[in-house]
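Below is one structure, written out as C-alpha cells, with a few remarks after it.
Convention: sequence-line order gives letters A, B, ...; per-chain numbering from 1.
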Amino acid sequence: MKNYNALQVEKKWKKEWKESGLYEIDLKEKKRKKFYNLIMFPYPSGDKLHIGHWYNYAPADSYARYMRMQGYNVFEPMGFDSFGLPAENYAIKTGIHPKESTEKNIEYMRKQLSEIGAMYDWNKEVVTSSPEYYKWTQWVFLQLYKNGLAYKKNSPVNWCPDCKTVLANEQVQNGSCDRCGNDVAKKDLSQWFFKITDYADKLLDYSGLDWPEKTIAMQENWIGKSYGCNIDFRLEDGEDILTTYTTRADTIYSVTFLCIAPEHPLVDELTKGTKYEAEVKKVRSEIDKQTLIERTSEGGANKLGCFLGKYAINPMNGEKVPVYMANFVLMYGTGVVMADAHDQRDFEFARKYDIPLKFVISEDGNPIDPADFEGAFVNDGILFDSGDFSGMHNREALPKMMDAIEGQGFGEKTVNFKLRDWLVSRQRYWGAPIPMVNCKKCGEVPVPEEDLPVTLPDDADFTLSDDGKSPLERSEGFMKCACPECGGEALREPDTMDTFVCSSWYFLRYPSSTLEDKPFDKKLTNKWLPVDMYIGGPEHACMHLLYARFINMVLHDLGFINFKEPFKRLVHQGMVTKDGAKMSKSKGNVVSPDEFVNKYGSDVFRMYLMFMGPFTEGGDWNDKGITGIARFVERFWKMINTDYDAVESMNDLKRNLHKLIKKVTEDIEVFHFNTAIAAMMEFTNFALKNGVDGASKKILVQLIAPLAPHLAEECWEVLEHGKSVVDSVWPRFDKKLAQDTTIKIGVQVNGKVRGEIKIMKDASEAEALEAARKLSKVQKYLAEGEVVKEIYVPGKIVGFVVKS
RNA sequence: GCCCGGGUGGCGGAAUUGGUAGACGCGCAGGACUUAAAAUCCUGUUUUCGCAAGAAAGUGCGGGUUCGAGUCCCGCCCCGGGUACCA
C-alpha cells in the first residue's frame, strides 16, 4: 500500500470533476428536490482569500455535499461583491484603476477558490461591478423610485475641509481625517434614501424563518420599536411648542430641563439674533467632531451642550424648565427629550451644566435626594411627588399617566422606531451609478429601463474630490445627456449606490446570472428561492441581512417574486482572528491559506479548520494541530486500503458504525463538524485495531465524503463503487443498533461521585440502587449516616443523600 | 454608552432538558522499532498531597438555588462583533 499523496490525488479529482461537469447543475431538473445553498460572496480585496474565507466556505461546501448525498439537487453558486471603497482608496494611493485592481483580485481569488474543491457552479457566477449585473441593480433602484420608496433629502456627511472630500466613518479617527489628520466637520448634502422605515413592522415578522435567535434579537433591537408618547411643552414666551418623545412618561414630574438635538432646526430658530447664537455655533462644531458613539456614551466628560435662553412649561405640573441643546440627543423620535434624574445621561449632563435635579421614584416611595447620589436612579420603584400618581409603582402608573397626558390634550401615545431610512447615495466613483437625470425643465427624471445600464465611465478622475461632489461629475461624457422626457439638455445624477444595494438582491440573480433582458427569470427564481441555507458572518446581522430582506419584500409586494423572505435558514460562522484581532492588511496579520493547502492539501486544511472548534464560534488561528488531521487522513487511507482477513468483533463493529452514522449525520445537520470529525477519528482508531469489512468501508467513505471530498473520491475509486461518491445515497443508521444495551453511570453520595456501576440501559430503579449499594466505596460513605433520599435518573445517575 | 456573543487542562476544544468535567486532537514525558534519526506504534498526561489505595480543589470573579451547577438566578470583571459611508 502506498502512502496517501494528497496533492496528486486532489489535482486528479479537480481535473476529473471539471471535465465531467459534475457540479454544473440543471436548474430546470424536476426529479430531485431543490436545495439552494448560499454563501455570502466575498469582496475581492487586495488581501485576496484569507483563512477566514476558507473557514466559511469549506464547511458550507461540506454541508452542500451532505445535502446532495441526501438526494437534493444542490445549487451552490459563487460570485464577487466587487464595488466598494477599498478599491477606490487603493486607486487614489497607487493610481491603479479600480477596475483593473478588482479584476486582478477576482482572477486570483477564483484560482484560490477552486483550490477548495467546492461544488461551485461557475457558470452562474455574478460580479456586481460588471455592467451586466449593475444594470439590474439600477433596475432595482428604479422600481423603488417608481413606487415612492426612493427619495432625496439633505443629510449630514463627514467632511474633511482640507481634502474637500466626504469621508467614510472608517476614515475618521478621533475626529480627524485619516489622510491629512485635520479636523473633520459635518456637511449637509442632498442624498438619496430608500424608505426602509415603511417596512419596519413587516421586517419585525420573523415567522417561518430558521434563524439564530441572537440575529433576530439584534435586528429587532436595531429596528427598535418602542411604545411611548409625545408630550408637548409650550415655550414660556411665544407660541412655539417643543414636542418631546419618551417611553418613560412616569418620570414627567421629575423633569427639570429639556434637551434638543443639535441637528434640530428649532435650535437655530430659537436662538437666531439672541446672545446665545454664537455659543450654539461653537458648541455644535465641537459636537460635529464627535462620533455617534462618543456622543451617546456614558461618562460626564463626553457631554456637550448649551443653554438656549428659553424656558418651557411642563404641562403636568406647570413648572418652568430651561431648554438646552445636548449632544446625546439624536434626531430620533421628535429630536427633543424631557430630561430628569432618572436617566443616567440626563443626570450627567445636569451635573456638568449645574442644572437642578429631582427624583420622583424610590425603592419604597420615601423621598430621596439626587444630592446624595453619584448617578441616576434608573430602577423601578414607588412614585412620590407625582400628583395623583404618588404611591403607585412606576410601571403600573406608566400606562395611566400616558392616558392622563393624552386625555388632557398634552400629547399623544405613539410608536417609534430606531430604524432610519437607508442612505444609498455615495459621492464616489467605484459603484453603480444612480439611474436618474436632472433636467432644468422636467426636474428629477428616472432613466427609462430600456436605456439601462447607465454605464460607469472609465475616464472619470476619481483621484481627488472637490466640494464633496461625486467624481463622476468631472466626466463630461458621462454627465451630459438628453432628458428622457423632454429631450432637452440634462445632467445625470453623479452619485453612485451604496454597495449594500448590490448585495441586497444578488441571490435572486444567481439562477439567471446570464439572462440579458431581465434581472431574473421569474419562474426559475420562484422555483429556486428562497435560499434554503444562507451562511455568512454575524457582522451582517443588522445591515446586509436587513437590507436584503427589505428589497426582497419590496420586489414581492410589486409582484416580481412570490416569496416574502429571501433566506429560510441562516447560519453564522464565527470569526477567525490572528493573535486575538480581526485579520486585516493594516494590522499586517492576514494569514493566507495557500501555503497550508500547498503543503497538506485542501482536505486536510478544510478538516483542520472544521476541527478547530464549533463552526459558529470561530477562534484564534494557529497551525499547531494540523499534523493531527494529516495523521488522521493517513490512518483513514490505511484503514480503507487494508484487507482484514478477520474482523475481531463484528458486533462491536456494527454497533460503533451505526453510532457513528447517527453522530455524523446529526452533527452535520447542526454544523458541528468538529465533533463529527472527532467521532470519525475515534472509529478509525477502533477499526485499525479491530478490523473492518468492505460494506462498512463503503459507509465510512460516504461519511467522510462531505468533509474530505478528494480523499473520499479516491477511496471510492479504490473500493470500485463506480461514479462519484457525492452521487451515492447517504447511509442510514439502524436506531436499535446505534444504542448501547449496557451503560456505565455514576453513583453520587451527597452530590459527590463515589463510584460507577455498569447496568442495563433500561434497568429498574431497584436494580440500579442495588448495584450502587454493592460498591464498597459507596457503602463506606453510606455508613456515615442515615440515607434520607435515593435518586435514580435512568441513563444518568444514581444518588444517595446521607444525613449524619 | 447601547445591542449581540464568548471566557473550561500547557494549547484547540468535548460535555441532550442541571446528572461521572476534560471526548477527540496538538504538545509534553516514558517505552517499542532503528546503527541513528524521521515516520509509525504502545503507555501516561487538570492541579495539589500521597509509594499506593485514596483524598481535596477545580469550568473568568463574588454570591445564591439544588441531593447535585460548566449548564439556572443575582451582582461584577475581561475579550470579541455591530453601532447605519469597511464589507
Q. Paired with B:A36 by Watson-Crick or G-U wobble geometry, both distances under 3.5 Å: which nucleotide is it?
A. none
Q: Evaluate ring pair (Phe, Tyr, Trp, His ring centres under 6.0 Å) for A:Phe349 paired with A:Phe347, printing each intermediate quantity in order.
A: CA-CA 5 Å; A:Phe349 189 85; A:Phe347 194 99; over 10 Å; no
**Q.** Position toward the 5' end of RNA chain B (nearest nucleotide), A:Arg754 or A:Asn622
**A.** A:Asn622
Q) Base, sugar-phosphate alone, or nothing: which one does A:Trp222 contact when heavy atoms must sit under 4.0 Å apart? A) base
Q) Across all strands shown, which nucleotide pairs with B:A55 by Watson-Crick or G-U wobble geometry, both distances under 3.5 Å? A) B:U48
(Q) If you assign each of A:Gly619 and A:Gln748 to its closest nucleotide in RNA chain B, which residue comes earlier from the 5' end? (A) A:Gly619
Q. Are A:Lys195 and A:Asp421 within salt-bridge range, i.e. N to O under 4.0 Å?
A. no
Q: Using only heavy-atom distances, decide whether a donor-acceptor pair under 3.5 angstrom links the side-chain of A:Gln427 to the base of B:C85.
A: yes
Q: Give one of base, sugar-phosphate or nothing for A:Ile293, where a contact means two heavy atoms less than 4.0 Å apart.
A: base
Q.
Would the base of B:G6 count as contacting A:Glu617 through its side chain, where contact means a donor and an acceptor less than 3.5 Å apart?
A. no
Q: Using the P atom as the reference point in each nucleotide, state the distance between B:U66 and B:C73 in Å, no decimals.
A: 16 Å
Q: In sequence, state the C-alpha distance, the side-chain angles, and the governing distance for A:Phe596 and A:Trp621, and then conclude on ring pair (Phe, Tyr, Trp, His ring centres under 6.0 Å).
A: CA-CA 13 Å; A:Phe596 300 104; A:Trp621 168 257; 5.3 Å; yes
(Q) Using Watson-Crick or G-U wobble geometry with both distances under 3.5 Å, which nucleotide pairs with B:U65? (A) none
Q.
Would you measure the distance from the P atom in B:G82 across to the matching atom in B:G62 and give it in whole Å?
A. 32 Å
Q: Please say whether the positively charged group of A:Arg549, taken as NZ for Lys or CZ for Arg, lies over the ring of A:Trp222, i.e. under 6.0 angstrom from the six-membered ring centre and within 45 degrees of the axis.
A: no
Q | Whole-angstrom distance between B:U16 and B:G10, as gauged at atom P | A | 23 Å
Q) Contact class for A:Asp620 vs. all strands (heavy atom < 4.0 Å): base, sugar-phosphate, or nothing? A) nothing
Q) B:C2 pairs with which nucleotide, Watson-Crick or G-U wobble, both distances below 3.5 Å? A) B:G82
Q: Once you apply the 3.5 Å cut-off to both distances, tell me the Watson-Crick or G-U wobble partner of B:C76, or none.
A: B:G60
